[in-house]
Amino acid sequence: MEIERWERSEEISDAEKKVIQEIWSRVYANCEDVGVSILIRFFVNFPSAKQYFSQFKHMDDPLEMERSLQLRKHARRVMGAINTVVENLNDSEKVSSVLALVGKAHALKHKVEPIYFKKLTGVMLEVIAEEYPNDFTPEAHGAWTKMKTLIYTHVTAAYKEVGWAQ
């Protein structure tokens, strides 16, 4: 069994926050489509993650997943949570609060292994980089890597807070 380290996120500079917010404004304009692309890639690359979703855990075909209203609804919810984080990057209390709620719900209610957040945020970066290649410069990649770590760190801190044991 893999022992997951509880990581610390690096500070995101003001310039990096601006880069994240600029790219995100374009991503979020296509929120549902990008969210669905992220979730489909996530479930194709990590099929074990589907076990937590009764509505689409037996779907293997990406086209069937794309048509799933439940998957689309979850994609909108995921993108909405990320949007709240991005919009509030200058308010660390709000970021912590939002991600703590996500982490606690997934730990206590859904019983999702925290490693899936690391995998999901990795897939998120891949999809954004592919769909917005002109925006995803090396500087942007560095900023988004910090954003990915920030999400994962805060979510897993909530797992630790509720006494999650793998």
Side-chain angles (χ1 to χ4, degrees), residues 1-10 12 20 23-24 26-28 30-86 95 98-133 135-136 140-166:
M1 183 141 47
E2 180 179 345
I3 298 173
E4 187 60 35
R5 289 181 337 124
W6 302 105
E7 297 178 16
R8 295 184 52 134
S9 60
E10 267 186 81
I12 300 174
I20 290 166
I23 292 172
W24 184 254
R26 287 188 275 292
V27 171
Y28 200 63
N30 300 307
C31 148
E32 187 171 324
D33 290 338
V34 176
V36 167
S37 294
I38 290 168
L39 287 184
I40 290 172
R41 175 151 332 157
F42 177 60
F43 291 135
V44 167
N45 291 352
F46 306 102
S48 61
K50 290 188 294 183
Q51 69 183 307
Y52 302 106
F53 298 91
S54 60
Q55 313 94 319
F56 41 86
K57 70 179 177 185
H58 300 296
M59 292 182 191
D60 292 324
D61 179 14
L63 288 174
E64 184 182 5
M65 285 184 222
E66 189 175 350
R67 288 190 295 262
S68 166
L69 294 178
Q70 293 91 349
L71 188 137
R72 288 190 165 277
K73 183 178 175 183
H74 194 68
R76 283 192 303 271
R77 220 176 299 135
V78 168
M79 297 297 279
I82 295 167
N83 188 59
T84 301
V85 170
V86 171
V95 168
V98 168
L99 293 174
L101 287 172
V102 169
K104 288 175 184 175
H106 284 80
L108 299 172
K109 184 178 177 189
H110 307 297
K111 312 278 191 242
V112 175
E113 295 282 335
I115 189 65
Y116 286 109
F117 283 93
K118 181 176 266 186
K119 293 174 180 181
L120 178 63
T121 54
V123 169
M124 178 182 77
L125 257 63
E126 287 175 15
V127 170
I128 292 172
E130 287 172 17
E131 299 215 4
Y132 301 88
D135 296 324
F136 220 76
H141 187 270
W144 274 94
T145 299
K146 287 182 181 181
M147 175 70 173
K148 172 183 116 162
T149 304
L150 173 108
I151 292 169
Y152 180 71
T153 301
H154 280 47
V155 168
T156 55
Y159 272 75
K160 192 174 182 181
E161 189 179 309
V162 299
W164 177 268
Q166 289 181 284

Separation between NE2 of H74 and OG of S68, rounded to the nearest 0.5 Å: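 With rounding to 0.5 Å, NE2 (H74) is 11.0 Å from OG (S68).
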
Rounded distance (nearest 0.5 Å) linking atom CD1 of I128 with atom CD of E131: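 One gets 9.0 Å once the value is rounded to the nearest 0.5 Å.
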
Pairs touching residues 34-43 that satisfy salt bridge (charged side-chain N to carboxylate O under 4.0 Å, His left out), sequence neighbours left out: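 Matches after skipping sequence neighbours: R41-E126, R41-E130.
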
Sequence neighbours excluded, every pair satisfying salt bridge (charged side-chain N to carboxylate O under 4.0 Å, His left out) that has a member inside residues 73-86: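 Sorted pair list: E32-R76.
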
Please name all residues satisfying side chain to side chain contact (heavy atoms under 4.5 Å, CB included) with [X], sequence neighbours left out, ordered by chain then number.
X    : answer
A100 : A158
L120 : I38, L39, F42
V95  : V85, N88, L99, L150, H154
D33  : R72

Those residues that, when tested against [X], pass side chain to side chain donor-acceptor pair (under 3.5 Å) (two or more places apart):
X    : value
Q51  : none
T121 : none
T84  : none
K119 : none

Ring centers of H106, Y116 separated by less than 6.0 Å: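 No, the ring of H106 stays outside the 6.0 Å limit from the ring of Y116, centre to centre.
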
Are [X] and [Y] packed together at the side-chain level, in the sense that at least one heavy-atom pair is separated by less than 4.5 angstrom?
X    : Y    : value
F117 : V102 : yes
E113 : Y52  : yes
T156 : K160 : no

Tabulate below the donor-acceptor pairs under 3.5 Å that side-chain atoms of residues 55-67 make, not counting sequence neighbours, or state none.
residue : atom : partner : partner atom : Å
D60     : OD1  : K50     : NZ           : 2.9
D61     : OD1  : L63     : N            : 3.2

For the residue pair [X] and [Y], what are the closest heavy atoms and their distance?
X    : Y    : answer
M79  : W24  : CE-CH2, 3.4 Å
I20  : A143 : CD1-O, 3.4 Å
V155 : G103 : CG1-CA, 3.7 Å
V112 : Y159 : O-OH, 2.6 Å
A129 : F136 : CB-CD2, 3.4 Å
Y152 : K118 : CD1-N, 3.4 Å

Derivation and outcome, side chain to side chain contact (heavy atoms under 4.5 Å, CB included), residues L71 and F43: CA-CA 11 Å; L71 188 137; F43 291 135; 3.8 Å; yes

Ring pair (Phe, Tyr, Trp, His ring centres under 6.0 Å) partners for Y132, two or more places apart: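 Partners of Y132 under the ring pair (Phe, Tyr, Trp, His ring centres under 6.0 Å) test: none.
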
Residue pair M124, I82: steps toward the side chain to side chain contact (heavy atoms under 4.5 Å, CB included) verdict: CA-CA 10 Å; M124 178 182 77; I82 295 167; 3.4 Å; yes

